[in-house]
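Some notes on the structure that comes next.
Given the structure is predicted, the values throughout are model-derived calculations rather than measurements.
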Amino acid sequence: GLEISKFCFVSDEDSTQYLKSHGVKLFLSADRTDVCNALRRGVSAALVFQQEVQAPSTPLRVVFDGDAVLFSDETDQIFQEQGLEGAVQYERAMEAIPIGEGPLKAFAMHLGKMRKKFGQEKSPIRTYLVTARSGRDMGIRAIKTLREWGLPIDEAFFMDGAPKGPILAQIQPHIFFDDGLHNIQGAQNVGVPSAWVP
């Protein structure tokens, strides 16, 4: 029942050049180049994979990964350079400073504004954070960042590196956004529609 009022027919050139001028909040595509171009233009975007899924229709359930999706990849970079202990030390030192913005923060904030219009109890939208961060060592800064942004999340799962597939199967989201292809594959293995944020 979604009414589509705008149509744009463009050549094979970069079609993402028009996204900002049309106020696009989320760009999903099966074309990796288009997704990367949209992200470079500051539009929330992700790569979708063809998959048949039967999810209950309401409420709309959207799941975000943390680092490099909702949040910047600053801690991931420290992890790559210094390992887990270095990342934990970095998070402890930066605990009072909000994490930088990730490529889907703007879209998540837009969902948050829509949720507020309905109120907590009657909202047809539920949002989730499912992150590889541990709750004890690296979760505090993530929670403080969400509060600083004023971004309401219905449920947050700090998986401490455990596979995300089992919790996603329980949530049954309509879409799951992650920057790790292994997490996308794990989600698809349990029938969860997924979109990769490169």
Side-chain angles (χ1 to χ4, degrees), residues 2-53 55 59-77 80 98-115 124-133 142 145-146 149-154 156 164-165 168 171-188 191-198:
L2 180 65
E3 182 180 323
I4 299 174
S5 59
K6 286 185 183 178
F7 292 88
C8 299
F9 297 96
V10 296
S11 67
D12 287 339
E13 294 177 18
D14 181 6
S15 60
T16 64
Q17 61 186 312
Y18 305 107
L19 296 176
K20 278 236 180 223
S21 63
H22 284 289
V24 171
K25 303 298 182 210
L26 175 66
F27 178 74
L28 299 176
S29 177
D31 184 281
R32 182 179 179 165
T33 301
D34 283 346
V35 168
C36 291
N37 286 338
L39 288 168
R40 276 192 283 279
R41 292 180 187 286
V43 175
S44 298
L47 185 72
V48 292
F49 301 91
Q50 186 173 1
Q51 183 176 352
E52 290 203 21
V53 176
L60 174 67
R61 289 176 305 286
V62 180
V63 177
F64 296 96
D65 174 39
D67 295 300
V69 176
L70 269 185
F71 310 127
S72 73
D73 66 348
E74 64 189 70
T75 303
D76 274 350
Q77 290 178 12
Q80 298 299 324
I99 304 169
E101 298 178 5
L104 292 191
K105 183 216 175 193
F107 174 63
M109 295 298 290
H110 187 70
L111 283 180
K113 287 178 188 174
M114 291 183 354
R115 286 181 69 237
I125 302 167
R126 288 189 59 82
T127 54
Y128 303 80
L129 171 67
V130 177
T131 177
R133 287 173 171 256
T145 298
L146 294 173
W149 290 349
L151 179 60
I153 295 287
D154 290 293
K164 297 178 181 180
L168 293 172
I171 295 170
Q172 292 188 335
H174 291 87
I175 193 159
F176 164 59
F177 295 100
D178 202 292
D179 66 307
L181 285 173
H182 62 285
N183 289 323
I184 297 294
Q185 185 63 53
Q188 290 180 322
V192 170
S194 307
W196 180 53
V197 182

Worksheet item: Which pair of non-hydrogen atoms, one from Asp65 and one from Ala132, has the smallest distance, and what is that distance?
Response: OD1-N, 4.3 Å
Practice prompt. Quick one: sort the Phe107 and Phe177 rings into parallel, tilted or perpendicular, breaks at 30° and 60°.
Written response: perpendicular
Answer whether the closest heavy-atom distance between the side chains of [X] and [Y] falls below 4.5 Å.
{"X": "Ser72", "Y": "Ile99", "value": "yes"}
{"X": "His110", "Y": "Leu26", "value": "no"}
{"X": "Val35", "Y": "Trp196", "value": "no"}
{"X": "Pro152", "Y": "Thr127", "value": "no"}
{"X": "Asp73", "Y": "Asp179", "value": "no"}
{"X": "Ser194", "Y": "Asp178", "value": "no"}

Fill in: Other residues, nucleotides, ligands: >12 heavy atoms within 6.0 Å of Tyr18 OH
no
Worksheet item: Backbone N or O of Ala142 within a donor-acceptor pair of the Arg133 side chain at under 3.5 Å?
Response: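 No, the answer is negative, given that no donor and acceptor are paired below the 3.5 Å cut-off.
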Worksheet item: Are any side-chain N or O atoms of Thr131 and backbone N or O atoms of Leu129, one a donor and one an acceptor, separated by less than 3.5 Å?
Response: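 Flag not set: sc Thr131 to bb Leu129 has no pair under 3.5 Å.
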Item to complete: Give the C-alpha distance, both sets of side-chain angles, the deciding distance and a yes or no for side chain to side chain contact (heavy atoms under 4.5 Å, CB included) between Met109 and Leu151.
Response: CA-CA 6 Å; Met109 295 298 290; Leu151 179 60; 3.8 Å; yes
Worksheet item: Out of Asn183, Ile171, Val63, which residue meets the side chain to side chain contact (heavy atoms under 4.5 Å, CB included) rule with Lys164?
Response: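 Filter result, single survivor: Asn183.
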Discussion item. Any carboxylate oxygen within less than 4.0 angstrom of a Lys/Arg side-chain nitrogen, looking at Arg41 and Asp14?
Written reply: yes
Discussion item. Run Val43 and Thr16 through side chain to side chain contact (heavy atoms under 4.5 Å, CB included) and show every step you take.
Written reply: CA-CA 9 Å; Val43 175; Thr16 64; over 6 Å; no
Worksheet item: Taking only residues two or more places apart in sequence, or in another chain, which ones meet Asp31 in a salt bridge (Lys or Arg N to Asp or Glu O under 4.0 Å)?
Response: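 For Asp31, no residue satisfies salt bridge (Lys or Arg N to Asp or Glu O under 4.0 Å) once neighbours in sequence are set aside.
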